[in-house]
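The chain is numbered in sequence order, starting from 1. The figures that follow rest on heavy atoms only: side chains count, while hydrogens, waters and symmetry mates do not.
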Amino acid sequence: MLQYQVLGEFYYKMYGNVFAAQLLVCLVCFLIYQPRRSYFKIRAFLSVICYFAFVNIFWLIVTKIDSPLPISNIVFYFLTTFFMGVGVFFAFRTDVVGTFYLATAAYAVQHTAYALGNIVKSVFAISWPFWVDRLVFDFLIFPVVGLIFFYSMIRPNRKKFIGGRYDWRTLLISLVILIICVVLSTVTDNLFTEYAKYGVVLKGMRICCSIYAIVGGTSSVLLQIGFMRENKLSDDNAVLDQLLHSEKKWHELSKETIDIINVKCHDLKHQISRLANIDDREARSSYIQSIQSSIAIYDSAVQTGNDALDIVIAEKSLICDGNKISFSCLVDGDKLAFMDSADIASLFGNALDNAIERELQEPEDHRFISFTVKTENGFLHIHIDNYCSSAPEFYEGLPRTTKEDKLHHGFGTKSIKSIVQKYNGELFMEFKNERFNMDILFNT
């Protein structure tokens, strides 16, 4: 008996670590499809070390507090969940809402497994040796329940967990459900320990609270997945609407390009007709040079080493020439071989379109766009800058659109940011010295 008492006391002292480990195991099933930050292994290692350091410090404080109700334990549970969320944010690419949804969802799974263990022990009156009981109900049951959640809810909805848009509404509802479940379960467990002589009544209460905890924990996860599905449909509709608008814009740009070519051809026709009437050899030579200069834009196809980028540059060069925008580029396209052609076309097409749109608002003698792609200091550095007479308004690192039609504009910079993050790059945009600068860094 004394041996079990000593083991129990030791286990209680270590319970903070046990709970933290349970929570971490349940969290893993939600993190499998989450995009990771750069230097992930280092970040993850530091997060786990700091997480368990906090748990030990705070659990030491909790064990020193003598409270008639387990308030300090409840606070410990939620603070541990909070700090686990901080670690998730440090290691994975997700926003604040997503971070704490993942943390609370992991707690919902942990509490569901805990409640299931209580039901099994109460209904079947299992009496095993101390360490066997602890091994089954404090360790083995949690990865089993986590796998059930993973294969039944998370894996079938994995596309929603990859860059999914989380919802404040569901996070708050889930948190309230979880708080109620945890408080009821903890108070009931405390009463069950204190008043064992009322075993039948409290056993029934414990089973009811555990069932409620299982329903509540499962519902909170399902609720968030449902909202994520709704948000994804909303995003898909917005993207479809934007694609239709972009197609219209593409037709307008194509018409503009054709108009530029038609003007050039019309000018060339008259210049060639006039050439036949020039008898002076030097005048004829000079005139031929002027014709060659006027058609140079068509022979200036830049060979960057990347076909997709060559097409983008050729198209934008033609538009710049037609709108008297000075366009210079020094590009090593071979360095972009790791990117899909569609992403290259979208990234640089959007970036140069934004620069061209800005320059069309500036005086002709100030219009310029500079574009470089090069490696330096172990990074692939992409730089685009253009003249900008007034500072744009920034929100979350991106310039706000100045157009009245907010619904159909502003997607270009978001698309750029999304593509950069897809390849684990960093995007920087700033206004400085009447220039708008866009810099992208990829780790080579």
Side-chain angles (χ1 to χ4, degrees), residues 14-56 59 76-117 134-166 170-171 174-175 178 181-182 213-214 216-225 228 424:
M14 296 300 296
Y15 182 72
N17 287 302
V18 173
F19 173 76
Q22 293 169 354
L23 208 55
L24 205 56
V25 167
C26 295
L27 176 69
V28 170
C29 63
F30 290 94
L31 296 180
I32 291 174
Y33 300 116
Q34 286 299 310
R36 301 170 178 181
R37 296 188 185 275
S38 55
Y39 306 106
F40 168 74
K41 292 182 179 179
I42 297 174
R43 288 174 176 269
F45 176 77
L46 291 175
S47 296
V48 171
I49 294 298
C50 293
Y51 170 63
F52 277 101
F54 162 78
V55 166
N56 280 279
W59 184 248
F76 168 77
Y77 297 149
F78 283 99
L79 280 178
T80 302
T81 306
F82 171 81
F83 276 93
M84 186 177 69
V86 173
V88 170
F89 185 80
F90 182 68
F92 292 85
R93 290 186 180 275
T94 182
D95 57 16
V96 174
V97 179
T99 294
F100 291 106
Y101 161 68
L102 293 169
T104 54
Y107 195 1
V109 175
Q110 186 275 342
H111 196 65
T112 299
Y114 170 77
L116 181 62
R134 295 301 89 192
L135 178 65
V136 172
F137 293 108
D138 279 350
F139 292 97
L140 295 182
I141 195 171
F142 293 93
V144 171
V145 173
L147 286 172
I148 293 172
F149 270 82
F150 177 77
Y151 283 105
S152 63
M153 300 182 193
I154 301 168
R155 193 169 186 272
N157 296 282
R158 54 188 175 276
K159 290 184 178 178
K160 300 175 185 64
F161 284 89
I162 303 174
R165 184 158 66 89
Y166 301 95
T170 326
L171 177 62
S174 300
L175 194 58
L178 201 57
C181 292
V182 171
I214 291 172
T218 305
S219 298
S220 66
V221 176
L222 287 173
L223 188 65
Q224 183 66 42
I225 290 174
M228 288 171 69
N424 295 319

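For Arg93, the side-chain contact (heavy atoms from CB on, under 4.5 Å) partners at least two apart in sequence or on another chain are Pro35, Arg37, Gln421, Asn424, Glu426. For Asn17, the side-chain contact (heavy atoms from CB on, under 4.5 Å) test picks out Met14, Phe52, Val55, Asn56, with sequence neighbours left out. Residues satisfying the ring pair (Phe, Tyr, Trp, His ring centres under 6.0 Å) criterion with Phe40, sequence neighbours excluded, are Phe92. Remark: Tyr39 engages Asn443 in a side-chain contact (heavy atoms from CB on, under 4.5 Å) (not counting sequence neighbours). Residues satisfying the side-chain contact (heavy atoms from CB on, under 4.5 Å) criterion with Ile42, sequence neighbours excluded, are Leu46.
The heavy-atom pair separating Arg43 from Phe90 by the smallest distance is NH1-O, 2.8 Å. Across Ala106 and Cys26, no two heavy atoms sit closer than the pair O-CB, 3.5 Å. Contact between Gly87 and Ser47 at its shortest, heavy atoms only, is O-OG, 3.4 Å. The two atoms that bring Ala20 and Tyr51 nearest to each other are O-OH, 3.0 Å, heavy atoms only. When all heavy atoms of Gly146 and Val109 are compared, the closest pair comes out as CA-CG1, 4.0 Å.
Atom CD1 of Ile148 sits about 12.0 Å away from atom CD1 of Ile154, to the nearest 0.5 Å. Atom CZ of Phe137 sits about 10.0 Å away from atom CG of Leu140, to the nearest 0.5 Å. Interatomic distance, Leu135 CG to Ile141 CD1, rounded to the nearest 0.5 Å: 11.5 Å. Here Thr94 contributes atom OG1 and Leu102 contributes atom CG; the two are 5.5 Å apart, rounded to the nearest 0.5 Å.
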Check: residues 79-86 side-chain donor-acceptor pairs under 3.5 Å, at least two apart:
unit_1: Thr80; atom_1: OG1; unit_2: Phe76; atom_2: O; d: 2.7
unit_1: Thr81; atom_1: OG1; unit_2: Tyr77; atom_2: O; d: 2.9

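Inter-residue side-chain proximity for Phe139 and Val25 is flagged as unmet; no heavy-atom pair is nearer than 4.5 Å. Using a 4.5 Å cut-off on side-chain heavy atoms (C-beta onward), Thr112 and Phe149 make contact. Side chains of Val28 and Leu31 form no contact here, defined as non-hydrogen atoms less than 4.5 Å apart.
Aromatic ring pairs are classed by plane angle as parallel below 30°, tilted from 30° to 60° and perpendicular above 60°; the pair His111 and Tyr107 is perpendicular.
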